[in-house]
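Contents: one structure, followed by commentary.
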Number of protein chains: 2
Amino acid sequence: MRRDVFQAIADPKRRAIIALIAVQAMTPNAIAENFNTSRQSISKHLKILSECDLVKQEQQGREIHYSLKIEKLQEVDAWIEQYRQIWESRFDQLDNVLSNLKKDKK
Amino acid sequence: MRRDVFQAIADPKRRAIIALIAVQAMTPNAIAENFNTSRQSISKHLKILSECDLVKQEQQGREIHYSLKIEKLQEVDAWIEQYRQIWESRFDQLDNVLSNLKKDKK
DNA sequence: AATATATGCAACTATTTGGTTTCATAAAAT
DNA sequence: ATTTTATGAAACCAAATAGTTGCATATATT
């Protein structure tokens, strides 16, 4: 099964978990309290996030605190960057495009 | 079934299709020639991309030219933006964090 | 008119996914 | 020592996914 950051962020619940633990490390139980789903389903999402290298764990007694490895999201940023360049250049050149269109049509 | 831009970009083949048609509009057949998969599977991916509002179609005779609606990718950019701010501020404040840590530990 | 080409759609299949239920283990509280 | 709490793992299930195969339709080409 594929395990990359794009697959990780595809699920809305996982994006919500990411948002939660970006602020502060949390235990699976604490995370589950923020959703109406079982603790086990959160654990499975955390396992997927962990396999995608998006979270780190810190054991404290019987609790495990999960937090976001925010650097990993830079992979998404790097991917979107190429397209950002396209839409930014399109915006810059909008006037040119419009005047060229006028010429072509005429 | 969920149809949003995050689900659309989760599949590596769809990301490859996006990269292709970002440059220029292409027909399903022309796209399929770039992969070792059937024309029909490309059509299914294009359907998903279309349902996610990531592509636009232009019919020319019996050909249909698909091209990227790049604005839609700005939704991904907006999502990643909040985390970019976090890692950028972390970078900016790295010295502060380190000196604070020293104080806390001591 | 007959044939070839470009495409979408529907049915079918194997695999993956997200979830629940149940169990095992280890640490804390009593 | 016994019970409670926090967690992961395994078995199972329904739904979704990616792909294939076979068709239907419409536009070119001959």
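A, B, ... follow the sequence lines: proteins, then strands. Residue 1 opens every chain.
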(message) OP1 or OP2 of D:dA18 versus the side-chain N and O atoms of B:Ser38: is any pair under 4.0 Å?
(response) no
(request) Take the protein atom NE2 of B:His45 and the nucleotide atom P of C:dC9, then report the distance between them rounded to whole Å. (result) 16 Å
(request) Respond yes when some side-chain nitrogen or oxygen of A:Thr37 is under 4.0 Å from OP1 or OP2 of C:dG18, and no when none is. (result) no
(message) Side-chain N or O of A:Arg39 versus OP1/OP2 of D:dA9: is the shortest distance under 4.0 Å?
(response) no
(request) For D:dA18, take OP1 and OP2 only and decide whether either is under 4.0 Å from a side-chain N or O of A:Arg2. (result) no
(message) Regarding A:Gln7, tell me which of base, sugar-phosphate or nothing describes its non-hydrogen contacts under 4.0 Å with the strands shown.
(response) sugar-phosphate
(request) With the side chain of B:Lys44 defined as its heavy atoms from C-beta on, choose the nearest nucleotide among D:dT20, C:dC9, C:dG19. (result) D:dT20
(request) Report the distance from atom CD1 of B:Ile48 to atom C1' of D:dA16, rounded to the nearest whole Å. (result) 10 Å
(message) Does a side-chain N or O of B:Ser41 approach OP1 or OP2 of D:dA18 to a distance below 4.0 Å, or not?
(response) no
(message) If I take atom CD in residue A:Gln40 and atom P in nucleotide C:dT22, what distance separates them, rounded to the nearest angstrom?
(response) 11 Å
(message) Please determine whether any donor N or O and acceptor N or O are separated by less than 3.5 Å between the side chain of B:Arg62 and the base of C:dT7.
(response) no
(request) Could you check whether A:Gln59 gets within reach of a base, just the sugar-phosphate, or nothing at all, counting any heavy atom under 4.0 Å? (result) nothing
